[in-house]
Amino acid sequence: MTTEDVMTPASLRERQLNQMSFVSPDYEAVDAEPDEGTPSFLPSFEFSTEGLSRPDQFAAWRNSFAPMLELSDTDPMTANFSGRQELWDLGSLVLARISTDSLAFSSLPGHVRRDPVDHWTMTVLLSGQISTNAASHEFTADPGEFQIHSLGRSFTGVVDKSEMLMLFVPRDLSLETAATLGSAEFSTLRSGMGRLFSDYLIGVSNRLPTLVHADLPGLTAATQAMILACVSPSADHIEAAEGPIANVLLERARQLVRSRLLDPKLGSELIRRELGISRTRLYNLFEPFGGVMHYIQHRRLLSAYAALTDPNDRRLIFQIAEERGFSDGAEFGRAFKRAFGYSPSEVRNRSGGGIPLCPDLDDCPSEERLGVLLRRLQG
């Protein structure tokens, strides 16, 4: 092994930063294209409890996190509850900068991996302290450290008056990322590599006001590379899910689901036979997405959403549902509302043409934006 094969935290960070176009020293020169007009910088979306009455302050803050957590007011007798969010939609990732007074939090009652909002959170604490109880063990984080939570599993915790960065990573970002984060969920990474990731995420948040939409693919690739480099995966997860063969198989399976989405015979056995793999292999491929049938159902719900918002498709709702394998209208309605937050009839009727699948965040109530972004990641 040569010295080039050994990556220290400092050399890894230098390599990653050099690979990221948005931190290039030539950024302004590259971005300055007079023929293209003014660059479209990434917007941020803010929400604050400032100006509300004390009971309304915590209620609004709790509602903003309702798609992912249940929050409890630990000191309701204080004169004010202060909470502030700044959100960035990074396409396949969401980054939030959050300041909050002390509170308690818990996973949603009955929340399981198959629920619509089910991501990993990578939280870098800037000030304060977080303590979490999950799977009969407790772990804490202090400033400069980062934790990994899974929104699809049960946990409780408390947070002091704190400021933090939260990166929301969808389970289908990549198979390799899913295996890596799944092996480290519900832990605090205090290693040198963990500190490196904290520094990286802080640097990204500081540079976001200078980024344009064209930078997002490079940002996603660099962030994924940093996750894989800084989070230590277990040997079991690597063996089950890592490697180019697994990625090729998963892409073939996705293409098969897309091409036969409305086929009533579409299911795990059909996919297994088409791919020529074992049931265990198929399970490992789709385990990060909640299983084969959950993946198929979510794609069918997205297809139903598109049909309901199509002004040229005026079929009855139950006909659209039945075409996608839902023989029970009530079951379809419940599954649809869990996925999108609206009933099928609300989607069809609102504003005459339905609710947009990706609504303009500028038009959303500020306390609902985090939920909208998290549901987008699930799609």
Side-chain angles (χ1 to χ4, degrees), residues 13-51 61 64-65 68 82-100 119-128 143-146 162-170 173 195-227 230 358-377:
R13 172 161 52 185
E14 181 178 1
R15 175 176 292 185
Q16 291 297 332
L17 293 180
N18 287 338
Q19 291 174 347
M20 295 160 56
S21 62
F22 62 86
V23 297
S24 166
D26 298 326
Y27 172 79
E28 293 184 358
V30 172
D31 200 44
E33 300 179 2
D35 293 338
E36 296 296 327
T38 304
S40 175
F41 292 104
L42 296 179
S44 62
F45 304 93
E46 297 186 5
F47 166 59
S48 172
T49 62
E50 185 177 357
W61 193 243
S64 71
F65 286 89
M68 57 177 276
S82 178
R84 180 178 295 275
Q85 296 173 0
E86 187 171 10
L87 307 174
W88 289 273
D89 179 4
L90 306 181
S92 56
L93 300 166
V94 169
L95 181 63
R97 190 180 190 105
I98 295 171
S99 300
T100 181
H119 311 305
W120 284 288
T121 63
M122 305 182 71
T123 303
V124 175
L125 199 62
L126 305 177
S127 66
E145 298 175 340
F146 90 89
S162 301
E163 185 174 7
M164 66 197 75
L165 296 172
M166 295 185 73
L167 180 69
F168 296 90
V169 182
L173 180 63
R195 295 278 184 172
L196 174 61
F197 185 83
S198 297
D199 292 343
Y200 167 80
L201 202 60
I202 292 170
V204 167
S205 70
N206 290 336
R207 293 181 180 273
L208 280 175
T210 70
L211 302 191
V212 297
H213 286 281
D215 295 319
L216 288 182
L219 174 59
T220 299
T223 302
Q224 184 176 340
M226 288 297 292
I227 292 172
C230 297
C358 293
D360 188 339
L361 290 176
D362 289 321
D363 297 331
C364 291
S366 58
E367 67 186 70
E368 295 180 10
R369 287 172 178 155
L370 178 58
V372 169
L373 286 172
L374 295 185
R375 286 194 171 94
R376 282 188 190 179
L377 288 188

Inset, instruction - State whether the side chain of Thr220 and the backbone N or O of Pro217 hold a donor-acceptor pair below 3.5 Å, judged by distance alone. - result: no
Legend entry - Side-chain donor or acceptor of Asn206 paired with backbone N/O of Gly203 under 3.5 Å: no
Legend entry - Test: Glu163 and Arg84 ion pair at under 4.0 Å: no
Compare every heavy atom of [Y] with every heavy atom of [X], then report the nearest pair and how far apart it is.
| X | Y | result |
| --- | --- | --- |
| Gly128 | Ser162 | CA-OG, 3.4 Å |
| Pro209 | Phe41 | O-CD2, 3.7 Å |
| Ser127 | Pro143 | CA-CG, 3.9 Å |
| Trp88 | Pro43 | CD1-O, 3.7 Å |

Are [X] and [Y] close enough that some pair of their side-chain heavy atoms sits under 4.5 Å apart?
| X | Y | value |
| --- | --- | --- |
| Leu167 | Thr223 | yes |
| Val169 | Ser92 | no |
| Asp89 | Leu87 | no |

Separation of [Y] [atom2] from [X] [atom1] (nearest 0.5 Å):
| X | Y | atom1 | atom2 | answer |
| --- | --- | --- | --- | --- |
| Leu165 | Met122 | CG | CE | 12.0 Å |
| Glu86 | Phe47 | CD | CZ | 14.0 Å |
| Cys230 | Leu201 | SG | CG | 10.5 Å |
| Met164 | Thr123 | CE | OG1 | 7.0 Å |
| Leu173 | His119 | CG | NE2 | 11.5 Å |
| Phe146 | Leu125 | CZ | CG | 12.5 Å |

Legend entry - Derivation and outcome, side chain to side chain contact (heavy atoms under 4.5 Å, CB included), residues Val204 and Leu211: CA-CA 10 Å; Val204 167; Leu211 302 191; 5.6 Å; no
Inset, instruction - Let me know which of Glu368, Arg369, Gln85 forms a side chain to side chain donor-acceptor pair (under 3.5 Å) with Ser64. - result: Gln85
Inset, instruction - Any chance you could lay out the side chain to side chain contact (heavy atoms under 4.5 Å, CB included) test for Leu42 and Leu90, step after step, and finish with the verdict? - result: CA-CA 8 Å; Leu42 296 179; Leu90 306 181; 4.1 Å; yes
Inset, instruction - Name the orientation class of the two ring planes belonging to Phe65 and Trp61 (parallel below 30°, tilted from 30 to 60°, perpendicular beyond 60°). - result: perpendicular
